[in-house]
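Quick notes on the structure that follows.
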Protein chains: 2
Amino acid sequence: MATIERNTTLAAQIRQSLEMQIDSKLLQPGVKLPSERELSELFDTTRTTVKEALLAMEAEGRVYCEDRRGWFVAPPRLIYNPLYRSPFHQIVTEQKRQLETLVLSSRTIVATPTLCQELALPTLSRVNEVTRLRKLDGRVVLLARHYLKPERFPGILEHDLSQSLTTLYEQQYGVRYGRSRFEINPTAAWGEVAQALMLTEGSPILLISCVNYDQHGEIIDCDHEYWRHDAVRILVDSQELERMKANTLL
Amino acid sequence: MATIERNTTLAAQIRQSLEMQIDSKLLQPGVKLPSERELSELFDTTRTTVKEALLAMEAEGRVYCEDRRGWFVAPPRLIYNPLYRSPFHQIVTEQKRQLETLVLSSRTIVATPTLCQELALPTLSRVNEVTRLRKLDGRVVLLARHYLKPERFPGILEHDLSQSLTTLYEQQYGVRYGRSRFEINPTAAWGEVAQALMLTEGSPILLISCVNYDQHGEIIDCDHEYWRHDAVRILVDSQELERMKANTLL
DNA sequence: TTGCTCCTTTGGTCTAGTCCAGATTTGAAC
DNA sequence: GTTCAAATCTGGACTAGACCAAAGGAGCAA
């Protein structure tokens with residue numbers, strides 16, 4: 001009766017073996033695994049097969065890979081509610097994690113057609129773009145690009161953009177978040193995004209696009225958030241919106 | 001127009017080449033690509049390299065693979081709002097797509113610890129499990145498992161479960177959806193899930209877990225939805241909740 | 001038509017390498 | 001200590017195959 005159908009493939013055995021090590025805490029989150037070459041010797045096989053096992057574990061979010069640096073045990077996912085527009089720093093610290101923000105660039109650009117549509121702008125409008133890289137407990141997990149209307153936030157690019165934009169909006173411009181809208185797309189990382197997230201070109205990522213409105217229902221800005229897919233779990237509760245609204249009205 | 005950028009890698013060239021064919025509509029959504037062997041001959045390379053290109057395109061949602069059947073051009077994603085609990089059939093037809101539902105199993109089981117927590121049940125409770133496979137324009141895209149409290153829906157397993165559960169709840173039991181809560185996890189497909197979705201073990205998928213409440217705030221049921229990641233785009237608008245609530249109150 | 005085999009095609013799994021580019025480390029010069 | 005170049009280590013890209021299992025089609029029989 002208790003015929004445990006052994007997963008026959010070699011890659012599956014490697015996977016099980018590594019998972020046991022992780023589950024038993026012998027391999028702690030963030031710790032580097034032995035190199036693909038070492039693992040292939042250890043399991044008496046080739047790099048190809050080891051890689052296959054690692055890719056499947058990566059898809060599940062058990063391990064992650066940093067380009068040419070190695071494979072690591074994945075920490076627990078950050079729980080994230082894109083509707084809940086509180087300062088990101090707060091979300092992170094509430095979960096007892098540590099956040100680090102790097103401003104990669106901030107400039108004024110001509111909006112792409114997609115952007116014009118998202119921000120309800122006429123074609124060839126200029127927008128401010130702020131690109132920031134976020135690290136969770138020292139690990140790069142998110143590349144966020146914010147796009148804002150220049151006339152709405154004059155001179156914002158002169159401020160320190162490594163702090164919370166939410167706070168900056170409110171304190172410097174008296175703008176507060178109201179409702180918002182978001183979209184989630186599982187997609188692949190290319191070019192700058194892949195580089196910044198230390199991913200190989202074509203790796204699967206999660207793209208979260210938010211459009212945010214102020215207390216008067218006017219569009220404030222939008223974000224394109226490129227997440228390492230193993231680093232996040234999206235959670236949305238329709239009841240939480242009640243609380244949010246209460247806060248906004250205060 | 002069609003500028004072939006000199007992306008260095010061979011896999012990137014194959015990708016660009018295939019993408020051009022798709023973009024130019026020479027390869028229509030749902031059409032089968034030549035086999036990996038044929039492509040490797042065509043591009044004068046090996047299956048390994050062709051596969052690398054295809055995997056990257058799959059991650060992006062441009063193509064998809066069905067286990068031992070071949071590679072196909074991916075149709076547009078279904079836009080889906082997990083908070084908006086209208087009959088799934090309706091969501092699909094509104095987007096001019098065709099839905100097919102197969103009931104894979106319906107039975108009473110002992111709830112797993114996770115399930116007990118989600119449904120706020122005491123340990124070792126029994127729940128009804130309904131497993132359904134959904135096809136979009138003939139293609140398998142979603143495996144959904146519904147878990148419901150038996151005492152809440154006596155004899156429900158005797159009904160035709162290929163129709164809308166929302167409608168069945170309302171018409172047979174007078175239960176209507178109120179608020180809900182959902183979670184999105186990018187993860188990997190194993191065992192039955194992989195088989196049902198015609199995926200290879202360890203392929204990346206999207207797991208959407210919903211907990212649904214009735215008009216009185218009592219838990220009705222929960223779903224575990226295993227989506228082919230290329231088939232769906234999640235869209236949530238906090239304003240839409242206003243409309244929803246208005247509907248519920250009527 | 002229905003059911004059944006058998007064969008072909010397909011991707012899945014795996015071997016055993018090679019060469020390359022970027023990241024890291026090491027160690028010597030300053 | 002600091003700086004910088006060289007050596008080493010890592011995964012990325014790629015070759016050229018092999019065998020396997022499942023899907024699908026062809027053809028035959030009831």
Side-chain angles (χ1 to χ4, degrees), chain A residues 5-16 31-59 63-72 138-140 188-192 194-204, chain B residues 6-16 31-59 63-72 138-140 188-192 194-204 228:
Chain A
E5 269 294 74
R6 269 288 150 216
N7 262 332
T8 44
T9 74
L10 183 47
Q13 284 168 41
I14 296 172
R15 230 175 43 221
Q16 289 183 335
V31 161
K32 187 174 169 307
L33 296 180
S35 73
E36 292 180 2
R37 270 170 258 256
E38 280 178 87
L39 286 172
S40 63
E41 257 185 65
L42 194 62
F43 289 99
D44 199 28
T45 180
T46 56
R47 269 182 71 198
T48 317
T49 305
V50 166
K51 186 150 198 166
E52 198 193 313
L54 290 169
L55 283 174
M57 290 176 73
E58 186 188 38
V63 298
Y64 64 94
C65 184
E66 288 189 353
D67 196 279
R68 271 168 258 256
R69 289 193 1 102
W71 291 87
F72 304 83
R139 172 192 169 207
V140 173
W190 305 110
E192 289 171 54
Q195 275 202 319
L197 292 175
M198 300 208 268
L199 286 166
T200 313
E201 299 263 321
S203 295
Chain B
R6 281 273 150 232
N7 250 332
T8 46
T9 74
L10 181 47
Q13 284 170 41
I14 297 173
R15 231 173 44 219
Q16 289 186 335
V31 162
K32 189 176 168 306
L33 296 181
S35 73
E36 291 181 3
R37 268 171 261 253
E38 280 178 85
L39 287 172
S40 63
E41 259 186 65
L42 194 63
F43 289 100
D44 199 30
T45 179
T46 56
R47 270 183 70 199
T48 316
T49 305
V50 166
K51 186 151 198 165
E52 197 193 315
L54 290 169
L55 283 173
M57 290 176 73
E58 185 187 40
V63 299
Y64 64 94
C65 185
E66 287 188 355
D67 195 279
R68 269 167 257 258
R69 290 195 357 104
W71 291 87
F72 304 83
R139 173 190 168 210
V140 174
W190 306 112
E192 289 171 53
Q195 275 202 319
L197 292 176
M198 301 207 268
L199 286 167
T200 313
E201 300 262 322
S203 295
R228 286 195 75 124

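Chain naming here is simple, since letters A, B, ... match the order of the sequence lines and numbering starts at 1 in each. Not measured: the values here are computed from a predicted model. Just the heavy atoms: all of them, side chains too, but no hydrogens, waters or symmetry mates, feed the values below.
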D:dG12 phosphate, OP1 or OP2, under 4.0 Å from A:Thr200 side-chain N/O: yes
Distance test, side-chain N/O of A:Ser35 to OP1/OP2 of D:dC9, below 4.0 Å: no
Side chains of B:Trp71 and B:Glu36, donor plus acceptor under 3.5 Å: yes
Minimum side-chain heavy-atom gap B:Glu66-B:Arg139 below 4.5 Å: yes
Selection: residues 41-49 of chain B, any non-hydrogen atom under 4.0 Å of DNA chain C: B:Arg47
hbond_proxy B:Arg69 side chain to D:dG24 base (donor-acceptor, 3.5 Å cutoff): no
Nearest heavy-atom neighbours spanning A:Asp67 and A:Leu199: OD2-O, 3.9 Å
A:Arg68 side-chain proximity, nearest of C:dG22, C:dC14, D:dA22: C:dG22
Separation of atom CD in A:Glu201 from atom P in C:dG22, rounded to whole Å: 12 Å
Touch class at under 4.0 angstrom, heavy-atom based, for A:Glu38 against every strand present: sugar-phosphate
Sub-4.5 Å side-chain heavy-atom contact between B:Ile14 and B:Thr45: yes
Atom-pair distance (CG on A:Leu10; P on C:dT13), nearest Å: 11 Å
Atom of B:Val140, atom of B:Arg228 and distance for their closest heavy-atom approach: O-CD, 3.2 Å
Length of the line joining A:Glu36:CD and C:dC19:C1', which is rounded to integer Å: 15 Å
Between D:dG24 (P) and B:Lys32 (NZ): distance, integer Å: 11 Å
Residue met sooner reading DNA chain C from 5', once A:Ala11 and A:Arg37 are mapped to nucleotides: A:Ala11
Spacing of A:Glu52 atom CD relative to C:dA16 atom C1', expressed in whole Å: 16 Å
Whole angstrom value for the distance that separates P of C:dG11 from OH of B:Tyr64: 13 Å
Interatomic distance, B:Leu199 CG vs C:dG11 P [rounded to whole Å]: 15 Å
Distance below 4.0 Å between B:Lys51 side-chain N/O and C:dT13 OP1 or OP2: no
Nearest-angstrom distance from the residue atom CH2 of A:Trp190 to C1' of D:dG12: 14 Å
Close side-chain approach of A:Glu58 and A:Leu55, heavy atoms under 4.5 Å: yes
Heavy-atom pair of closest approach, residues A:Ala53 and A:Arg15: O-CG, 3.8 Å
